[in-house]
Amino acid sequence: MSEFQIRKDNYLTHRIVDFDLSQDELQENEVIVNVDKFGLSANNITYAVVGEMLGYWQFFPPHTNDEGWGVLPVWGFADVTRSNNPEVKVGERIFGYFPPATQLKLKPTHVSDLVWVDGSSHRQKLPQGYNLYRRVEAEPGYHPSQENERMLLFPLHITAFALYDFFASKSWFGAQQIVLISASSKTSTGMAYGIQKDQNAPYSIGLTSSNNVETVKGFDAYDAVIGYDDLEHIDASKPTTIVDMSGNKAVIGRLHKHLGDNMTFCSNVGFTHWTEGGKNLDIIQERSEMFFAPTVIQQRIQDWGMDGFNQRSFEYLAHSYACSRNWLKMTDVEGISGVQSVFEDLCKGNVPAEKGLIVKL
Ligand SMILES: NC(=O)c1ccc[n+]([C@@H]2O[C@H](COP(=O)([O-])OP(=O)(O)OC[C@H]3O[C@@H](n4cnc5c(N)ncnc54)[C@H](OP(=O)(O)O)[C@@H]3O)[C@@H](O)[C@H]2O)c1
């Protein structure tokens, strides 16, 4: 059994650590699952960037006790291989949040037909959406052939749905155009497909690296695609709202300065350019706000009920997944050692935008 660990102070330093759960006696209601596969994208790197602030290091404490190492969460599928829980049988397949590791111990609670919640004590104060495991074989419409798409895109496109819904509910902050920064990211394209389908939504502009401009045009997601170097070509006479996935303070500052009073609102969602933080005095703080999808989703589940949320979000995801299928190339990565071999490229933004990394254990 092995797990992938990274240094919390230098993500490019990583290692594979062996561990053994085979002799562990299971406590009441505990199960062991074998992780089968998971997706990887810039989102997983962001879990490290905001790991201390938002608690992402706490989900899966490393099996070693030495200071300074952490385990990044990933989204994937696993099978129950041992069970001391009368409601969860060996062989059950689940979808949810895992470590990049071959095995994990969980404690299913609140078991219902479709879901259960990990009741492990160290996860109780963390956002509950991440502790939910879906019992996929009980889901109507579940098919194994859709697993790769789901584990890669679900966490990103459910955020895209939450963003789309948030902006639509605020009448797009009065904007005539909306700029999405780090437009080649799957979270951005997921939102752009929702905007494209909505006749009341503003004109959309994708802002991306110059070497990604042609690729992003090919995604057919935005009304216009512009490179970071050319962002001053955006029409600053129109009220404009911004969704930022990059965390690149220099780019955000330049865009805010260029738009001035016409920058109606900026949603700070991600940190794909995680090395480009710091301060920038041109950023208009009073019209900027952090966006944390789990909180917004929880609020909508309260507003609409679980069924209402599922109905609206599934409809959205069906469309955004279908649009992404036209260009997204799933690429297999073999085993935990494979994670090591792609990790540097992932950290440095060297994975081509059209690639979807699927790790198979
Ligand atoms: N707030 C929330 O609740 C929430 C939820 C989900 C996702 N997010 C965030 O949304 C962001 C997008 O995630 P994703 O998984 O959709 O991304 P992704 O598909 O893996 O995005 C890849 C793109 O990100 C940019 N990039 C990645 N690493 C880079 C680096 N080191 N330097 C410069 N550019 C880099 C490049 O785009 P460009 O050339 O276009 O810049 C690259 O093509 C992440 O930061 C993620 O955490 C936030």
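Quick caveat, the model's predicted, so the values are computed rather than measured. One-based numbering, in listed order, for ligands and for the atoms of each. Residue indices begin at 1 and follow the sequence shown.
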* To do: Can you spot which of Val88, Val33, Val136 makes a side-chain contact (heavy atoms from CB on, under 4.5 Å) with Ile94?
  => Val33

* To do: Hydrophobic side-chain clustering at under 4.5 Å (ILVMFWY, transitive links): who's grouped with Leu255? Put none if nobody.
  => Val179, Ile181, Tyr203, Ile205, Leu207, Ile226, Tyr228, Leu231, Ile234, Ile242, Val251, Ile252, Leu259, Met263, Ile283, Ile284

Is any N or O atom of [X], backbone or side chain, closer than 3.5 Å to an N or O atom of ligand 1?
| X | answer |
| --- | --- |
| Leu207 | no |
| Val269 | yes |
| Thr159 | no |
| Phe291 | yes |
| Ala353 | no |

Atoms in ligand 1 with a heavy atom of [X] nearer than 4.0 Å:
| X | result |
| --- | --- |
| Phe292 | 3 (O) |
| Thr208 | 38 (P), 39 (O), 40 (O) |
| Tyr228 | 38 (P), 40 (O), 41 (O) |
| Phe271 | 45 (O) |
| Thr46 | 44 (C), 45 (O), 46 (C), 47 (O) |
| Lys348 | 30 (C), 31 (N) |
| Gly270 | 9 (C), 45 (O) |
| His273 | 33 (C), 34 (N), 35 (C), 41 (O) |

* **Single hit among Phe38, Tyr130, Phe154, Phe77 for ring-ring contact (aromatic ring centres under 6.0 Å, His included) with Tyr97** => Tyr130

Out of curiosity, is [X] lining ligand 1, as in a heavy atom under 4.0 Å away?
| X | answer |
| --- | --- |
| Trp274 | yes |
| Cys347 | yes |
| Ala183 | yes |

* Measure the shortest side-chain to side-chain distance between Trp116 and Arg134 over non-hydrogen atoms and say whether it is less than 4.5 angstrom. => no

With a 3.5 Å cut-off and no angle check, do the side chains of [X] and [Y] form a donor-acceptor pair?
| X | Y | value |
| --- | --- | --- |
| Gln5 | Glu3 | yes |
| Asn84 | Glu30 | no |
| Asn85 | Ser83 | no |
| Ser145 | His143 | yes |
| Thr64 | Asp66 | yes |
| Ser185 | Ser182 | no |

Just to confirm my output: which protein heavy-atom neighbour is closest to [atom], and how far is it?
| atom | answer |
| --- | --- |
| atom 7 (C) of ligand 1 | Asn43 OD1, 3.4 Å |
| atom 20 (O) of ligand 1 | Ala42 N, 2.8 Å |
| atom 15 (O) of ligand 1 | Ser41 OG, 2.5 Å |
| atom 10 (O) of ligand 1 | Thr187 OG1, 3.7 Å |
| atom 23 (C) of ligand 1 | Ser184 OG, 3.6 Å |
| atom 3 (O) of ligand 1 | Ala293 N, 2.8 Å |
| atom 39 (O) of ligand 1 | Ser209 OG, 2.5 Å |
| atom 35 (C) of ligand 1 | Thr272 O, 3.6 Å |

* Looking at residues at least two apart in the chain, or sitting in another chain, which of them share a side-chain contact (heavy atoms from CB on, under 4.5 Å) with Ile336? -> Ser2, Phe4, Ile16, Thr102, Leu361

* Would you please indicate yes or no on a ring centroid separation below 6.0 angstrom for Phe95 and Tyr133? => no

* CG/Asp113: more than 12 non-hydrogen atoms of other groups inside 6.0 Å -> no

* Could you give me the CA-CA distance, side-chain angles and deciding distance for Asn262 and Lys238, then say whether side chain to side chain donor-acceptor pair (under 3.5 Å) is met? => CA-CA 6 Å; Asn262 274 330; Lys238 292 183 174 158; over 6 Å; no

